[in-house]
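Just so it is clear, the structure is predicted and the values come from calculations on it, not from any experiment. The chains referred to below are lettered A, B, ... by the order of the sequence lines, with proteins before strands, and numbering in each begins at 1.
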Number of protein chains: 4
Amino acid sequence: MNKVILLGRLTRDPEVRYTQSGKAVASFSIAVNRFAGGQEQADFIPIVAWEKLAETCGNNLTKGRRVLVEGRLSVRSYEANDGQKRRVTEVVAQNVEYLDSRQTSGTEAGNIDINSFGKDVFPEEEIPF
Amino acid sequence: MNKVILLGRLTRDPEVRYTQSGKAVASFSIAVNRFAGGQEQADFIPIVAWEKLAETCGNNLTKGRRVLVEGRLSVRSYEANDGQKRRVTEVVAQNVEYLDSRQTSGTEAGNIDINSFGKDVFPEEEIPF
Amino acid sequence: MNKVILLGRLTRDPEVRYTQSGKAVASFSIAVNRFAGGQEQADFIPIVAWEKLAETCGNNLTKGRRVLVEGRLSVRSYEANDGQKRRVTEVVAQNVEYLDSRQTSGTEAGNIDINSFGKDVFPEEEIPF
Amino acid sequence: MNKVILLGRLTRDPEVRYTQSGKAVASFSIAVNRFAGGQEQADFIPIVAWEKLAETCGNNLTKGRRVLVEGRLSVRSYEANDGQKRRVTEVVAQNVEYLDSRQTSGTEAGNIDINSFGKDVFPEEEIPF
DNA sequence: TTTT
DNA sequence: TTTT
């Protein structure tokens, strides 16, 4: 079992990219509030969604929206530019529930097909946050 | 809500340190297995426990033991030696259940009071993993 | 581990009672929606909160409000009037988060101290739903 | 969200039945222990699994085995023989992890196809616990 | 009806 | 740095 459940608000619009094989990947962060030491604090937690879920997130979520995310915790390692090994920890979303009324958003969220620009295409499973 | 539930095995004995104010902090990692692409993979997830829970983890857990951890996901930022901002993501344990029989361990786990050596004392909440 | 996490709306105002020893007990149900067979269905799930949490629920929640409940699943047996053994299954709340803006409620929720009426006082842990 | 996570031991071998349309349904209870009032108590929680999961449960689980169950809480109403409405509350398993070593069981678990006896066939979704 |  |  590897289960994560988070309630928070998007800190920015989701960014939707596509892998070389055409799989959609949405990235965003949520701020999860908690009280500690008498004052409100926030954890900023990176979320990643894949395929169909990535697309619905890209189409429906915008900065500030509140979501309930269910997923699993993923830790990946990669070699940084300076040759050092670095870790990327993120929550891979399995389900996302939208918790406030649709704010008939003027700025349509993310969902940019980067393939159409021929850049920012990542190899499979190799997307640094 | 910020909830994490993980089932896995310790990759090493817990390390128990003490903050300057005397609070115990246990650190360990667990390997959480999952099947993906037809084969078994593992996520190695850093766990931190505080105070009384830190001490019971240090006294009872050893490398290889299977645990069910309930906690919250914490993301801290700190300035690295190279001046860069780096992130530490870890699960702050709130409850730990031991899932296999006590392997009447010869090597008693961790629980070294580093204060008695006058080193490795960290300021509160400033313990890099 | 006995963990339940539910997102739903109160089907009625909470009812707050007091045990003979003076412990507050709030009871309410939430409707948890889900899609099944192409249409929306609801599970109506009985929730019980104790002591301080009972009082904050009684003071802050009203019918229709959306909550995120964390608790444990409890199954109690009792003898019914017809001599038959019956089971009561309910979620004992450990934490309740309010998910929509305070609807400056006209009808203040529950919180009736039944001791002041000398009735409906239940023996400890013996409150049928 | 309707999420239940339970760690417990089977109180009996699972019983596997089949609906008229041929869907497998496994039923069993697990004892979930907890400390309360200085002593160990147990909640006995009814679990139901459907289809492929029902079959793997029937084939692999026996009384006494420890499992980690993830599922959702379901509340169904039905008319009892005495004309009264009665409620059935159970956890519908979505995933079951086996937590102790296979006890190379002599008595192979459940999995009796009751259709071969022409009895105990229940209409869809109408299986009283 | 109850598990270890 | 990695568990079974």
Nucleotide F:dT3, atom P - distance to CG of D:Leu99 in whole Å: 20 Å
B:Arg17 (side chain) donor-acceptor with B:Val25 (main chain) under 3.5 angstrom: no
Side chain of D:Thr11 (C-beta onward), nearest among F:dT3, E:dT4, E:dT2: E:dT2
Nearest to side-chain heavy atoms of B:Ala42, which nucleotide of E:dT3, F:dT2, F:dT3: F:dT3
Distance, rounded to the nearest Å, where B:Tyr98 contributes OH and E:dT4 contributes P: 23 Å
Gap between atoms CD and C1', on B:Gln41 and F:dT3 respectively (whole Å): 15 Å
side-chain hydrogen bond (donor to acceptor under 3.5 Å, both in side chains) against A:Asn81, all qualifying residues, sequence neighbours excluded: none
Proximity to the side chain of C:Arg87 - top-ranked nucleotide from E:dT2, F:dT3, E:dT3: E:dT2
Distance in angstrom units between D:Ile45 CD1 and E:dT3 P, rounded: 15 Å
Note, B:Phe28 side chain near B:Thr62 side chain (heavy atom, < 4.5 Å): no
Non-neighbouring partners of D:Asn2 that pass side-chain hydrogen bond (donor to acceptor under 3.5 Å, both in side chains), sequence neighbours left out: none
Euclidean distance, atom CG of residue B:Asn33 to atom C1' of F:dT3 [Å, nearest integer]: 7 Å
Nearest-Å distance for atom pair CD1/P, residues B:Ile47 and F:dT3: 16 Å
Rounded distance (Å) that lies between atom C1' of E:dT2 and atom CG of D:Leu10: 11 Å
Residue B:Arg9, side-chain atoms from C-beta onward, closest of F:dT2, E:dT3, F:dT3: F:dT3
Value in whole Å for how far the C1' atom of F:dT4 lies from CD of D:Glu97: 13 Å
